[in-house]
Amino acid sequence: MSAGLEVISPGLMTSVQDRGRLGYQALGISVSGALDTDSFDIANALVGNESGNKVGTGALEIRMLGPTLKVTADSVKVALAGTATAIEVVAPEREVISACRSVTLLKGQVFRVGAVSDSAVCYLAVHGGFDLPPIYGSQSTCMSAGFGGFHGRILEKGDCLPLRQPVSGSSSQRILRRPPDPDNSPFIRVVAGPQDDYFSTAGIKTFFETGYTVSQAVNRMGMRLEGAAVTHEKGYNIASDGIVRGAIQVPGNGLPIILMADCQTTGGYPKIATVISSDMPKLGRMMPGADIRFKAVSVAEAEAVARERHERQAALIGAIERFSGSVEQLEHLLMTQNLISGVTAG
Amino acid sequence: MATPDVQYLSSGDTALTVQFGTVIERELNSRIVALGHSIAQAAIAGVSETLPTYCSLLVNYDPLVVTRDELVAQLQPLIESPPEAGDAAPAHWQIPVCFDSDLAPDLAHVAAASGLDENEVIKAMLEVTHHVYMLGFAPGQPYMGDLPPALNIPRRENPVARVEKGSVVTATGLTIIYAVPNPTGWHVVGRTPVEIFNLAREEAILFKPGDKVRLSRIERDEFDELTAQVDDGSFDMTRLRQP
């Protein structure tokens, strides 16, 4: 067994994801990849990894309940992002490591991410990434086709995740002192189409003017919504066409389904609207029971939002600071920001 | 050839659905596949990939690099120029299929629904040169057509939870060969021992959009023998390619 991280308990649904498998949709290969790319990028930046599309450095996507892992490598630098939940070192000595900072853990240490209550997903990145073969250029797990990531599936007890860098220094760490405030508003911006003409005027009105709730039926492929049925005008079968992440298809029962990262490449239900790319990370964080209100924007508006988001995300990554890793320096950093109470909670 | 009258439908801010029509038809589909190749050759900045389907081409792009309006302006001349063959030249395949009743549980239903007898259904599937309209739903899974009008029968009312890989299924005059085990709303009329998707193989995916496929009938003993060859890795994939 190669050195890395041994899975003591796998969590609810933990999988290796990166920025996705781009360039193979014409072959029927789903894109997959992190649901919340914003937090994924922050987690990777905190451990000093690049996470651009071409690199394929996967992190663990944690859903609701995180894993318990034992370090079997000499050392590993990890960081958690996308939640205020902390990393808990449970053996040999207890220690709490807040999210949005890196820490180097040593061979034999056991750590876990417990119940995550402020987001549906969060990301645990490791310095150097996992030593897993890229499939079609990506380490993302495609569960529907059973490949990528760790043996094409979610983690199970006893798995050992191999590391590309089985030794990580502890003298230099990184921290993001002001993580972005969670956006808890129900508004999700969409561009109408590509098949909004398949719906009646009343159906379109229902879609935009009534609220929806995220149902329990939500996974990496899609998010089923509960609420008022949207009425079709031209039936609910189209000649199957290409699907993008964020497409909102409406099957015969009129209840919208938002297609997520693992969605199939093609589908035969009409799509009333498409979530703008900038709101996909927020959508990925939404948990069952969350309220959604759709807000229509033009493509030009969505493009402007994409540019703003890109700059904001670059500024966040740029705000990540290095520190020596000593407890004293960390406490000083946190005290000056008056954030210590938020960090020690939980 | 006349310039097709296309519609540009927005799929959010990262993709454009270039729609050539709404009727499933080979000529139209071939233009769509060819446009995908033209776009790849043109190497338009910001375009990450294209995805051909029956009646449209999905063009994925990065809105930080190219706006929708800039993209449309660059696509229009490619649509107006005649399609280039290039590396789009279709491959021809011959795929062995066994129609024994346990591998073709819906053959009787398809026969009844189409007004043909079972042998006529099989004959129709063997006589057609199937056109691969698109790959979708699962890796490398071909959506092929077209069968004679009698076989334009509806899908199942209730999908079945699982069919095996290699299942040959039909509905609405079209045929699919299943890449991996999956639920289906179509009718299972045969099975091939050939794995149309296998990551362990150098050429993991057999078909590409635009390819031509003929089915050839094999009996049960040959099906079993070829299945064993596929399982132990000795199956000769080159025998599937037709000149």
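Below, read A as the first sequence line, B as the second, and so on, with proteins coming before strands; counting in each chain starts at 1.
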Heavy atoms only: give me the nearest A/Val244-B/Ser11 pair and the separation to one decimal.
-> CG2-O, 3.9 Å
Closest contact, heavy atoms only, B/Ser10 versus A/Val191 = CB-CG1, 3.9 Å
Could you tell me which portion of A/Tyr136 (side chain, backbone, both or neither) has an atom closer than 4.5 angstrom to a non-hydrogen atom of chain B?
-> side chain
May I ask you to check whether over 12 heavy atoms, not counting those of B/Arg214, lie within 6.0 Å of atom CZ?
-> yes
OG1-CG distance between B/Thr22 and A/Asp241, expressed to the nearest 0.5 angstrom = 12.0 Å
Minimal heavy-atom distance between B/Gly12 and A/Thr274, with the atoms involved, is N-CB, 3.3 Å
Between B/Thr53 and A/Gly242, what is the shortest heavy-atom contact and its length?
-> CG2-N, 3.5 Å
Tell me, side chain or backbone of B/Tyr8 under 4.5 Å from chain A's heavy atoms, or both, or neither?
-> neither
Do B/Ile205 and A/Ile29 have side chains that get closer than 4.5 Å, going by heavy atoms?
-> yes
For chain A, which of B/Leu199, B/Asn182, B/Ile24 has the most heavy-atom pairs under 4.5 Å?
-> B/Leu199
Answer yes or no: is there a donor N or O on one side and an acceptor on the other, between the side chain of A/Gln25 and the main chain of B/Glu49, under 3.5 Å?
-> no
What part of A/Asn237 is in contact with chain B, defined as an atom under 4.5 angstrom from a non-hydrogen atom: side chain, backbone, both or neither?
-> side chain
Nearest non-hydrogen partners of A/Ala26 and B/Pro209, listed with the distance | O-CG, 4.1 Å
Short side-chain to backbone donor-acceptor contact, B/Gln141 and A/Gly28, under 3.5 Å = no
Interatomic spacing from CD in A/Glu303 to CG in B/Asp69 - rounded to 0.5 Å | 7.0 Å
What is the minimum heavy-atom distance between B/Leu135 and A/Thr265, and which atoms define it?
-> O-OG1, 4.4 Å
Does any heavy atom of chain B fall under 4.5 Å from the side chain of A/Ile243, the backbone, both, or neither of them?
-> backbone
With respect to chain A, which residue among B/Pro142, B/Ala138, B/Pro63 yields the maximal number of heavy-atom pairs within a distance under 4.5 Å?
-> B/Ala138
Most contacts with chain A, counted as non-hydrogen pairs under 4.5 angstrom, among B/Leu58, B/Thr50, B/Leu57, B/Thr172 | B/Leu58
Quick check: does any side chain N or O of B/Asp13 sit under 3.5 Å from a backbone N or O of A/Ser277, one acting as donor and the other as acceptor?
-> yes
Whatever's closer than 4.5 Å to a heavy atom in chain B on A/Ala300 counts as neither
Would you check if A/Ser240 and B/Phe137 make a side-chain contact, meaning some heavy-atom pair closer than 4.5 Å?
-> no
Pick from B/Asn60, B/Leu16, B/Thr14: which one has the most heavy-atom pairs with chain A under 4.5 Å?
-> B/Asn60
Part of A/Ala247 within contact of chain B (heavy atom distance under 4.5 Å) | neither
B/Thr67, part contacting chain A, at a heavy-atom distance under 4.5 Å | both
